[in-house]
Amino acid sequence: MTNVNTNVAATRARPMTRDEKRVILASSAGTIFEWYDFYLYGSLAAIIGAQYFTSFPEATRNVFALLAFAAGFIVRPFGALVFGSLGDLVGRKYTFLMTILIMGLSTFIVGMLPGYNSWGVAAPIILIGLRMLQGLALGGEYGGAAVYVAEHAPQNRRGYYTAFIQTTATLGLLLSLVVILLVQGYVNANYDAVPVLDAAGQAVMNADGSVKMIKAFDAWGWRIPFLGSILLLGISLYIRLQMEESPAFKKMKEEGATSKAPLREAFGNWKNGKFALIALLGLTAGQAVVWYSGQFYALFFVQNVIKVDSFTANVLVAWSLILGTGGFLFFGSLSDKIGRKPVILGGCLVAALTYFPVFKMLTHVANPALYEAQLVRVVVTADPNDCSFQFNPTGTVKFTSSCDIAKTALNKLSVNATTVDGPAGQPATISIEGKTITSYDASKLSGADLAAAKKTFDTEVNAALKEAGYPLNPAENKTVAKAANFFDIFTGQKLTMVVIMTYLILLVTAVYGPIAAALVELFPTRIRYSGLSLPYHIGNGWFGGLLPATAFAISAQSGNIYAGLWYAIVVALMTVVIGALFVPNNIHKRDIFGKDNI
């Protein structure tokens, strides 16, 4: 291999100039906007799910909405292959321009896309297609940003400067939450609620015969942040056009040292391929589940499991992001001193050991009435052959057995329940403080009989749970946390929630702050973009991106709202073990422009 001119290494040894810092800040700003586009859907998944997956039962709708979010993550490794290869062949700058353009246009189109009631099944199909385009773009974005910044940063400050790129994901989420809160507050204050429509376009009725209403933001106002992203696209394109190419890439191109087949060189031999595998299992898999547990699943858990309204949940998460984001720079800088490996693996270990008590504490603080009610013993007695694993990625399976109906009803109401084996062939029953309610098999009923059975079952379950202390009516629950505006957090309950969620964010910063520098240092310059992109996006796209949907399905199956945390805990512990054994020590001391890292 041709060596990189030693002037490049010498340049990297000096402090960064003002122009170089401006380039890195400009790169980070553009990446923030790209993450903003990507995370809008995650922040509004429940609301969007009601618009595009109307034909499915609510429990299935929640899983399907999360899987549409995850679709963007599933394709990220393919984006890493395509754009990573382009980045190593034609350069970092022009790849940046392509990814931001694809991301911005896809987001804008989501804002214009009609819902299920207008376009039928075509609407969710197109939505998932747009999410996949976003995932492809993001698959090429991160590797370029990480490499670009690292190749401008001083040798002994790579962790600190690449941590600015790590903040962009959280700042993008924060920006999306702030925009959502502002738009939500304005729209709901100035526009009337509208009727909820079913898949046939008919108004949904409440139990008392009145029309069920939905707030204006949930009906149509959610589109505004998506449409407004076109302005951010214009700003991002301008920023990216002002950027200079990486000095290392320019030098290699001048000397003819660039790779002719970066994918084959990166993954076609064991010498480089083993580092991709080590990076995936020993670093990014655990980092990914901690990241998504602390940000996305925590938000989903607060809103959908412990029943805090979406406005309050977004306010509290936004404050935790504001307070915790500085952790990226702290842990990135710490990794410059003690190494990337101990910081990342330490964060994974602490997360695995504390998730159960932390999420239980979050329930206790946020919704005390629900927490107390969950101490009541609820037992589902069912024929094991009557119970299904209620994970439905295609949305085509109907859970109609008496056991599935019983579990779905309890999960929807955030009830912790124990399942015991019952007599073969007998319908499932729910026991709540001595009261036994018999479920029904929807596959054996139809028409008026099915409607009557459902109404009787729902009425009996709701009455028994209400008597047991479950706060089924949000308007009557005076214990649940509620914020009137963005600054309404100064009560003991809400401040405690902010502290708990800030702790989760700090765990995110510990594992994510140093990851870019660690991945850059594992791969030689000529295949660096391709080499680090694939393990990063498999880890974050598959292990992390599928976490919310997987955790939700595990909790629904087990009957315990905390059971889904086992997924994150097991993956994090796997990374601790594999990383401790196989990730090289002291990679932070490597000269990424040296002869062995060309």
Side-chain angles (χ1 to χ4, degrees), residues 43 46 170 173-174 177 181 290-325 327 350-376 378 410-417 465-466 468-510 547-548 551-552 555 559-566 568-569:
S43 302
T170 296
L173 174 60
L174 176 60
L177 291 178
L181 288 170
V290 174
W291 183 21
Y292 288 102
S293 294
Q295 291 190 171
F296 295 105
Y297 187 68
L299 178 59
F300 177 81
F301 184 86
V302 170
Q303 287 179 292
N304 295 281
V305 180
I306 56 179
K307 309 301 183 184
V308 175
D309 70 89
S310 62
F311 180 83
T312 300
N314 285 336
V315 166
L316 299 176
V317 169
W319 276 106
S320 70
L321 292 174
I322 291 171
L323 294 174
T325 297
V350 173
L353 295 177
T354 59
Y355 270 164
F356 274 120
V358 167
F359 275 84
K360 287 181 180 180
M361 185 186 303
L362 192 57
T363 304
H364 190 194
V365 173
N367 196 341
L370 177 62
Y371 181 85
E372 292 298 324
Q374 288 172 343
L375 300 178
V376 173
V378 177
L410 295 177
N411 181 261
K412 178 181 175 181
L413 298 171
S414 298
V415 177
N416 279 337
L465 289 174
K466 188 172 183 179
Y470 272 85
L472 301 184
N473 187 342
E476 297 176 357
N477 185 2
K478 304 303 181 183
T479 71
V480 68
K482 187 171 184 62
N485 55 67
F486 187 75
F487 296 97
D488 182 21
I489 63 168
F490 297 102
T491 66
Q493 181 186 37
K494 284 172 283 192
L495 285 174
T496 303
M497 287 185 67
V498 170
V499 169
I500 294 171
M501 288 188 284
T502 300
Y503 168 78
L504 294 173
I505 296 300
L506 288 175
L507 291 176
V508 171
T509 65
L547 183 145
F552 178 86
S555 293
N560 188 300
I561 65 171
Y562 306 107
L565 294 171
W566 276 116
I569 291 170

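The basis for the numbers below is simple: all heavy atoms, side chains too, and nothing from hydrogens, waters or symmetry mates. Remember, predicted model here, so these are calculated numbers, not experimental data.
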Measure the spacing between [atom1] of [X] and [atom2] of [Y] and express it to the nearest 0.5 Å.
{"X": "N304", "Y": "S555", "atom1": "CG", "atom2": "OG", "result": "12.0 Å"}
{"X": "I561", "Y": "L413", "atom1": "CD1", "atom2": "CG", "result": "12.0 Å"}
{"X": "L323", "Y": "I505", "atom1": "CG", "atom2": "CD1", "result": "10.0 Å"}
{"X": "L504", "Y": "T509", "atom1": "CG", "atom2": "OG1", "result": "11.0 Å"}
{"X": "M497", "Y": "T312", "atom1": "CE", "atom2": "OG1", "result": "8.5 Å"}

So do the side chains of [X] and [Y] get within less than 4.5 Å of each other, counting heavy atoms only?
{"X": "V317", "Y": "M501", "result": "yes"}
{"X": "K466", "Y": "N473", "result": "no"}
{"X": "L362", "Y": "V302", "result": "yes"}
{"X": "I322", "Y": "L174", "result": "yes"}

Worked verdict on W566 versus Y355 for ring-ring contact (aromatic ring centres under 6.0 Å, His included): CA-CA 9 Å; W566 276 116; Y355 270 164; over 10 Å; no
Please report the closest heavy-atom contact between [X] and [Y], naming both atoms and the distance.
{"X": "N416", "Y": "N560", "result": "OD1-CA, 3.4 Å"}
{"X": "V290", "Y": "A351", "result": "CG2-CB, 3.8 Å"}
{"X": "A483", "Y": "V315", "result": "CB-CG1, 4.4 Å"}
{"X": "V308", "Y": "A481", "result": "CG1-O, 3.8 Å"}

Side chain to side chain donor-acceptor pair (under 3.5 Å) pairs, two or more places apart, involving residues 496-506: T354-Y503
Within residues 480-493 or reaching into it, pairs that qualify as side chain to side chain donor-acceptor pair (under 3.5 Å) - sequence neighbours excluded: D488-K494
With L495 via side chain to side chain contact (heavy atoms under 4.5 Å, CB included) - residues at least two apart: I489, F490
K307: salt bridge (Lys or Arg N to Asp or Glu O under 4.0 Å) partners, not counting sequence neighbours: none
Of all pairs that satisfy salt bridge (charged side-chain N to carboxylate O under 4.0 Å, His left out), the ones with a partner from residues 295-304, not counting sequence neighbours: none
Residue pairs passing the salt bridge (charged side-chain N to carboxylate O under 4.0 Å, His left out) test where at least one lies in residues 351-363, sequence neighbours excluded: none
Scan the side chains in residues 293-300 for donor-acceptor partners under 3.5 Å anywhere in the protein, sequence neighbours excluded, and list what turns up.
from	atom 1	to	atom 2	distance (Å)
S293	OG	V289	O	2.6
Q295	OE1	T170	OG1	2.6

Donor-acceptor contact present, side-chain W319 to main-chain F486, <3.5 Å: yes
Residue list, side chain to side chain donor-acceptor pair (under 3.5 Å) with S414, at least two apart or on another chain: none
Would you mind writing out the side-chain donor-acceptor pairs for residues 363-373 within the sub-3.5 Å range, not counting sequence neighbours?
from	atom 1	to	atom 2	distance (Å)
T363	OG1	F359	O	3.2
T363	OG1	Y562	OH	3.0
N367	OD1	L370	N	3.3
N367	OD1	N477	ND2	2.9
N367	ND2	I306	O	3.0

